[in-house]
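First comes the structure, then the notes that go with it.
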Number of protein chains: 2
Amino acid sequence: MSVRKMVNRPAIAEAARRIVDEQGVAALSMRTLATALGIKAPSLYDHVRNRDEVIALVQNLGLEDFGAGFAGAGESTREKVLFYREWALKNRNLYPIVFQQQLHRDLITPGLEAKVLAIVVEAAGGSHVAARAVWAQLHGLVDLELQGRLPADADMTSTWNQVVISVDAIRQANLLTR
Amino acid sequence: MSVRKMVNRPAIAEAARRIVDEQGVAALSMRTLATALGIKAPSLYDHVRNRDEVIALVQNLGLEDFGAGFAGAGESTREKVLFYREWALKNRNLYPIVFQQQLHRDLITPGLEAKVLAIVVEAAGGSHVAARAVWAQLHGLVDLELQGRLPADADMTSTWNQVVISVDAIRQANLLTR
DNA sequence: ACCTGAACACCGTTCAAGT
DNA sequence: ACCTGAACACCGTTCAAGT
């Protein structure tokens, strides 16, 4: 009995995410992906338009994973902020794909991006402007940390505490003016 | 009289930056770079170890350009913040190379990174922790903006004003505790 | 519908060979 | 020292051909 191949878009998405998690985006080629699925590269094009669409599938998985975790991360500013950091560190190969690329909006589960954004807006005190400033701060520090742009001996705990304070100030100011 | 080729590291750096500015990093291949310099790709390896070293040369040019501008950008929080944004928008292809990659520190002009960091620390009110939180905010919003992650109709002027307020709050708090 | 091998135009990089 | 053509092992993608 040979192993039955079940190649479809969900299977491709999972295999792709696995490769990204374990070896980074650079290792995600159409050939390695095909091999992981037990087929040859050209066959992938029967399921997917191109590599970009594979990336979009991974973005979708990542956004779902993040969204579920962030929604259930506790209500305080501190809990939300620290969840964001921990998710990024735990998914360091996935993070840039989900949060640092053009989002292939036509291929993402409808409403998913809006759902995640709504949680951020809520956490920021209800204002879209505030939400962007807050998100920028979280995203920026995560990126600097992931890219190794901060000194190796930088006190990240204190830095994230500073971010918690700063985010909370934005949140409070916006709650007041509601 | 034939045109004399003067291929050396500064010439390579300039040609590479030009390609990046005009066509983006993806267009910077060893072959296109060589062609721009009037030589063949393998010859580049007589001047440069590999493509990474070319990227480092571009990082260096970018960091110098940014550093000079940022230092002379005015003293107020608002001026510094808005300069950061404008430099990023004016150098949208260069920005990610300078601020979103591992810095090839061994190949960067000695002291250059420290000089730029010192300006940020100064602008943040003197604390390294505060400087990281401030930088995160600027870098994060620039990245979200450059990657098109914010809605097309997002009010970026208000958002950057929010960032100015937030950065200034961090700065003031740190000036007080000095 | 799904898969294949062969091929195309690209990469970065190495290497023997020329001056 | 600097440059070259040829080659290697990779890419993403297309296409004719098989089932």
Side-chain angles (χ1 to χ4, degrees), chain A residues 1-60 93 96-97 100-104 106-107, chain B residues 1-60 93 96-97 100-104 106-107:
Chain A
M1 271 221 306
S2 71
V3 178
R4 196 145 338 190
K5 293 178 200 169
M6 257 307 289
V7 176
N8 49 27
R9 288 168 68 90
I12 290 172
E14 258 189 58
R17 184 191 168 158
R18 202 162 214 275
I19 293 171
V20 167
D21 276 343
E22 293 173 359
Q23 301 167 254
V25 224
L28 180 66
S29 78
M30 297 304 268
R31 283 168 173 88
T32 61
L33 177 57
T35 302
L37 290 160
I39 60 177
K40 304 294 176 183
S43 309
L44 283 172
Y45 293 81
D46 281 317
H47 300 94
V48 123
R49 217 189 315 260
N50 48 35
R51 186 177 184 272
D52 252 34
E53 203 162 298
V54 176
I55 296 291
L57 292 175
V58 176
Q59 286 182 322
N60 209 35
N93 289 338
I97 296 180
Q100 215 165 78
Q101 306 232 340
Q102 293 256 146
L103 206 56
H104 302 267
D106 44 328
L107 299 166
Chain B
M1 271 217 309
S2 72
V3 177
R4 197 146 336 193
K5 292 178 201 171
M6 258 307 291
V7 175
N8 48 29
R9 290 168 68 89
I12 290 173
E14 256 189 59
R17 185 190 166 160
R18 201 161 214 275
I19 293 171
V20 167
D21 276 344
E22 293 173 0
Q23 300 167 255
V25 224
L28 180 66
S29 77
M30 297 303 269
R31 283 169 173 88
T32 60
L33 177 57
T35 302
L37 290 160
I39 59 176
K40 303 294 175 182
S43 310
L44 283 171
Y45 293 82
D46 281 317
H47 302 94
V48 124
R49 218 190 314 259
N50 49 35
R51 187 177 184 272
D52 253 34
E53 204 163 294
V54 175
I55 296 290
L57 292 175
V58 176
Q59 286 183 320
N60 209 34
N93 290 337
I97 296 180
Q100 216 165 77
Q101 306 233 337
Q102 293 257 147
L103 207 55
H104 302 268
D106 44 329
L107 299 167

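Lettering of chains follows the sequences in order, A, B, ..., and the numbering in each one begins at 1. These figures come from a predicted structure and were not determined experimentally. Hydrogens, waters and symmetry mates are skipped; everything else that's a heavy atom, side chains included, is used.
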For a quick test of your reading: what N or O donor-acceptor pairs under 3.5 Å do the side chains of residues 23-38 of chain B make, sequence neighbours left out?
residue	atom	partner	partner atom	Å
B:S29	OG	B:R31	N	3.3
B:S29	OG	B:T32	N	3.0
B:S29	OG	B:T32	OG1	3.3
B:T32	OG1	B:A27	O	2.9
B:T32	OG1	B:S29	N	3.1
B:T32	OG1	B:S29	O	3.0
B:T35	OG1	B:R31	O	2.9

Taking atom P of C:dT4 as reference, at what distance in whole Å does atom CG of A:L37 sit?
11 Å
Side-chain N or O of B:H47 versus OP1/OP2 of D:dC3: is the shortest distance under 4.0 Å?
yes
For B:Q101, what residues pass the side-chain contact (heavy atoms from CB on, under 4.5 Å) criterion, not counting sequence neighbours?
B:I55, B:Q59
How about B:E14: does its CD atom have over 12 heavy atoms from other parts shown lying under 6.0 Å from it?
no
Closest heavy-atom pair and its distance - A:A16, A:V58
CB-CG2, 3.6 Å
I want to check one thing: is the phosphate of D:dT4, taken as OP1 and OP2, less than 4.0 Å away from some side-chain N or O of B:S43?
yes
side-chain contact (heavy atoms from CB on, under 4.5 Å) involving B:E53 - partner list, sequence neighbours excluded
B:R9, B:V48, B:R49, B:N50, B:L107
Picking from C:dG5, C:dC11, C:dC3, the nucleotide nearest the side-chain atoms of B:T32 would be C:dC11
Across all chains, not counting sequence neighbours, the side-chain hydrogen bond (donor to acceptor under 3.5 Å, both in side chains) partners of B:D46 are none
Canonical and wobble pairing (Watson-Crick, G-U, under 3.5 Å) of DNA chain D, dot-bracket with |
||.|||||...|||||.||
With sequence neighbours left out, what residues match B:N93 under side-chain hydrogen bond (donor to acceptor under 3.5 Å, both in side chains)?
none
Output the residues of residues 14-27 of chain A in contact with DNA chain D, where contact means a heavy atom of the residue under 4.0 Å from an atom of the strand; sort by number or write none.
none
Dump the pairs, protein N or O against N or O of nucleotides 12-19 of chain D, anything under 3.5 Å, distances to one decimal.
residue	atom	partner	partner atom	Å
D:dG12	OP1	A:M30	N	3.3
D:dG12	OP1	A:R51	NE	3.2
D:dG12	OP2	A:M30	N	2.9
D:dG12	N7	A:R31	NH1	2.6
D:dG12	O6	A:R31	NH2	3.0
D:dT13	OP2	A:Y45	OH	3.0
D:dT13	OP2	A:R51	N	2.9
D:dT13	O5'	A:Y45	OH	3.4

Under the salt bridge (charged side-chain N to carboxylate O under 4.0 Å, His left out) test, which residues partner A:D52, sequence neighbours left out?
none
Residues pairing under salt bridge (Lys or Arg N to Asp or Glu O under 4.0 Å) where one sits in residues 18-30 of chain A, two or more places apart or in two chains, turn out to be A:R17-A:D21, A:R18-A:E22
Here the distance between atom P of C:dC10 and atom CG of B:L33, to the nearest Å, is 17 Å
Donor-acceptor under 3.5 Å (A:H47 side chain, A:I12 main chain)
no
Separation of atom CD1 in A:I39 from atom C1' in C:dC2, rounded to whole Å
9 Å
Using the test side-chain contact (heavy atoms from CB on, under 4.5 Å), find all partners of B:D106 that sit at least two apart in sequence or belong to another chain.
B:H104
